[in-house]
Every structure is written in structure tokens, then in C-alpha cells.
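Remember, predicted model here, so these are calculated numbers, not experimental data. We're numbering straight along the sequence, starting at 1. Whatever order the structure lists them in is the order used to number ligands and atoms, beginning at 1.
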Amino acid sequence: MNLSVVVPLLNEEESLHELYARINKVCQENQLSYEIWFVDDGSTDSSWQIIENLSKENHHVHGIKFSRNYGKSQALHAAFDKVQGDVVITMDADLQDFPEEIPELYNKIVVEKYDLVSGWKKKRFDNVMTKNLPSKLFNSAARNLSGVELHDFNCGLKAYRKQVVKSVDVYGDLHRWIPVLAANAGFKKITEKPVQHQARPYGTSKFGTERFIRGFLDLITLWFVSKFGGRPMHFFGAVGTLMFIFGFFSAFWLGATKLVDVYYYHVYGNLIAENPWFYIALTMMIMGTLLFVAGFLGELIIRQSRGHKNYHIEEVI
Ligand code: UDP
Ligand code: MG
């Protein structure tokens with residue numbers, strides 16, 4: 001099979017017929033063998049009935065129905081498990097993305113051999129203050145932290161080589177960061193393509209401004225995990241050891257000066273515990289030990305879960 005189109009959706013009944021018709025048309029016109037996976041992420045409107053009817057009408061259409069709303073990441077994850085096409089294209093269900101972009105995205109993967117092509121809503125039709133501006137800041141932070149050079153990480157319209165979606169583990173809210181996950185998994189041929197975008201014709205956005213806070217926290221997690229996730233001791237152990245050494249020598253110095261005071265100058269009154277350094281030294285040693293233990297526990301956990309592969313093989317001959 002050439003192509004799998006994946007559409008996660010939550011309460012998008014008004015858009016589904018048109019979306020389906022346009023995807024269907026463009027795939028047939030380009031003689032692609034294809035399947036469409038609609039993932040109903042706990043809709044409370046008639047979205048699922050529509051998907052059921054479409055799948056009866058057309059054997060290319062498949063559906064997955066969640067028992068409740070789990071989120072876009074989980075919806076993508078469920079579909080990525082099932083897809084069979086050599087190329088996988090995801091798009092939002094709200095008609096903001098254009099199915100007519102499919103052939104060009106498809107060719108970028110098949111002809112130009114990219115692993116991932118992300119849509120770039122260069123001319124964007126969303127609210128300037130709540131979306132466009134924060135999104136600019138957000139994307140530039142993401143470029144700097146991840147090293148992945150994209151202008152629009154969160155665009156719903158993306159194309160992947162099949163191996164990419166089978167390798168990345170999209171959970172939590174990580175759908176925003178699939179290009180970063182892919183890059184961390186070793187898929188380096190990542191690019192973007194300016195795509196058309198339009199204002200939402202029906203319904204309302206399912207994400208509020210909290211998306212930026214969540215997205216940013218996830219980005220920091222990803223950065224940290226990609227750097228130290230496989231070797232926690234190198235971070236916690238190093239910081240912990242430094243803190244402990246600092247605390248230890250501070251305490252040593254306090255003890256030594258006390259001994260000099262007593263035996264050399266015969267001064268008895270100065271208690272070590274009256275010196276603020278005493279508390280700093282103590283805290284440093286305790287925190288240093290805790291960090292070291294955290295690193296050690298991290299290493300033990302990794303040993304336990306060795307079954308989870310954390311590498312991606314490009315080729316075996
Ligand atoms: N969506 C989903 N589960 C959710 C939230 C959203 O499957 O919990 C779908 C939604 O139906 C749409 C896509 O994800 O197809 C993008 O959502 P939306 O258009 O609300 O996001 P925005 O365009 O505001 O970024
Ligand atoms: Mg949208």
C-alpha cells in the first residue's frame with residue numbers, strides 16, 4: 001500500500017463528509033493505493049456514526065473509536081500502530097489543512113527520500129494574539145533546544161516514512177514534538193513544506209492557551225531525556241559528586257580551623273554550629289548524596305527495562 005492518511009478527531013461532525021470526499025478524490029486522481037484511518041478521540045456528537053457509514057460505503061476507510069477523550073497524541077499512537085502504507089500522512093479533521101497537499105507531501109518522501117516532511121502554515125489564519133505570536137516564540141525556542149530546523153512544529157499536516165511512525169512513541173502531549181522524537185530516534189532527513197491554511201470553518205479549537213505551557217514543559221523534558229535519558233548517572237552523579245565534595249571540604253575546613261583554635265590559640269568558645277558555613281556544608285553534603293542516589297536509581301531502572309530498545313537501526317545487510 002502506498003499511503004495511509006491518519007485523521008485524529010474530536011467532535012468534528014460538520015467537517016467529516018467534505019474531508020473524506022477531498023482525501024478520496026485526491027488519492028484516486030493520483031492513482032495511489034491508500035487507506036484512511038479516522039480516530040474518534042471520544043466525540044460526543046455524531047462523528048462516529050459518520051465514520052461507520054463511510055467505512056461501509058468505502059473499504060479504504062477505517063475507524064478507531066476511543067472510549068473517552070484521551071488526547072490527540074494517543075489518537076495518533078493508536079493509528080500509527082495500525083497503518084500499512086509506505087507513507088503516512090496525518091492531518092487535522094477541521095478542514096484547516098488541505099488534502100490537496102497530499103501528492104506533493106507524498107513525493108517528498110518517495111522521490112526526495114525524506115523521512116519526515118512537516119507542513120508549515122506560512123500564511124496562517126488563526127488569532128494573532130492567542131496563537132500566531134506565542135507560536136512564533138514557541139517555535140524558535142524549539143529550534144534552539146532541539147536543533148531541528150522547522151518553523152511550525154505543531155502543524156497537524158505531516159508526512160512520514162512508515163518506519164518513523166512505527167519507531168516513535170507518541171504519548172502524553174508529545175504530538176507537538178514528533179519531529180523532535182524522530183530526530184532523537186536517528187531520522188535525520190527532516191524538512192518542511194509551506195502549506196495552505198484556512199480559518200476553522202466549523203466548530204471551535206480543542207486546545208486553549210495552556211498548550212504553550214504544556215508544550216514548553218514537554219520540550220524541556222525531551223531535551224533532557226535525549227541528553228541524559230540513557231545515562232542519568234552522568235548528570236545526577238556529576239552534580240551530586242561536585243556538591244558533596246564542596247560540602248565535605250567546607251566541613252573539613254571548619255573542623256580544621258576549630259582544632260587550630262583549640263590547640264594553637266587555646267580559644268574554646270567558638271562553636272562550629274554558630275558558623276553559617278556549617279549549614280551550607282551540611283546541606284551540600286546531604287543534597288549531593290541524594291542527587292547521587294537519584295542517578296544511581298535511574299541507572300538501575302534503565303537496567304530493568306533493557307527490553308525497550310532506545311536505538312534505531314537504519315539498515316542491516
Ligand atoms: N483533537 C483530538 N483530540 C483532542 C483534541 C483535538 O483528536 O483531544 C483533534 C481535533 O479534532 C482536530 C485536531 O486534533 O482534528 C487539531 O485540533 P484543533 O483544530 O482543535 O487544534 P488547532 O487547530 O487549534 O491547533
Ligand atoms: Mg485546527
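Of the protein's non-hydrogen atoms, K72 CD, 3.5 Å is the one closest to atom 14 (O) of ligand 1. Summary of contacts: the protein heavy atom closest to atom 9 (C) of ligand 1 is P8 O, 3.7 Å. With respect to atom 23 (O) of ligand 1, the closest heavy atom belonging to the protein is Q96 OE1, 2.9 Å. In terms of protein heavy-atom proximity, atom 19 (O) of ligand 1 is closest to D94 OD2, 2.5 Å. Nearest non-hydrogen protein atom to atom 1 (N) of ligand 1 is L10 CB, 4.0 Å. At the top of the distance list for atom 7 (O) of ligand 1, counting protein heavy atoms only, stands L9 N, 3.3 Å. Looking at atom 10 (C) of ligand 1, its nearest protein heavy atom turns out to be E12 OE2, 3.3 Å. Counting protein heavy atoms only, atom 17 (O) of ligand 1 is closest to F207 CE1, 3.6 Å.
A salt bridge is absent between E112 and K193: the closest approach of a Lys/Arg side-chain nitrogen to an acidic carboxylate oxygen does not fall below 4.0 angstrom. No salt bridge links D97 with K121; every basic N to acidic carboxylate O contact stays at or beyond 4.0 Å.
Taking the six-membered ring for Trp and thresholds of 30 and 60 degrees, Y70 and F66 have ring planes more than 60 degrees apart, a perpendicular arrangement. Using a 30° and 60° split on the angle between ring planes, H266 and Y268 fall in the tilted class, from 30° to 60°. Using cut-offs of 30° and 60° on the angle between ring planes, the pair W277 and W253 is perpendicular.
Ligand 1 has a nitrogen or oxygen under 3.5 angstrom from a nitrogen or oxygen of K206. Any N or O atom pair closer than 3.5 Å counts here, and R200 shares at least one such pair with ligand 1. Backbone and side-chain nitrogen or oxygen atoms of A75 are examined, and none is located within less than 3.5 angstrom of a nitrogen or oxygen of ligand 1.
Each of L54, I23, I89 was compared with I36 under the side-chain contact (heavy atoms from CB on, under 4.5 Å) criterion, and only I23 meets it.
Among the heteroatoms counted here (N, O or S) of D94, OD2 is the one nearest to the Mg ion (ligand 2).
Closest of all the heavy-atom pairs between D94 and P201 is O-CD, 3.2 Å.
Under 2.8 Å from the Mg ion (ligand 2) lies an N/O/S atom of Q96, whether from backbone or side chain.
Taking every heavy atom of R211 and a limit of under 4.0 angstrom, the matching atoms of ligand 1 come to 22 (P), 24 (O), 25 (O). The ligand atoms of ligand 1 that sit less than 4.0 angstrom from a heavy atom of K131 are 22 (P), 23 (O), 24 (O), 25 (O). Near D41, meaning under 4.0 Å from any of its heavy atoms, are these atoms of ligand 1: 2 (C), 3 (N), 4 (C), 7 (O), 8 (O).
Side-chain atoms of N139 and S135 form a donor-acceptor pair, as typed in the model, at a separation below 3.5 Å. Under the 3.5 Å distance criterion, with hydrogens and angles disregarded, a donor-acceptor pair is assigned to the side chains of N58 and Y20.
If you look at F216 and W177, their ring centroids are not closer than 6.0 Å.
Of all the heavy atoms of N154, none lies under 4.0 Å from any atom of ligand 1, so neither backbone nor side chain is involved.
Within a 6.0 Å sphere centred on CD of E104, other residues, nucleotides and ligands contribute 12 heavy atoms or fewer.
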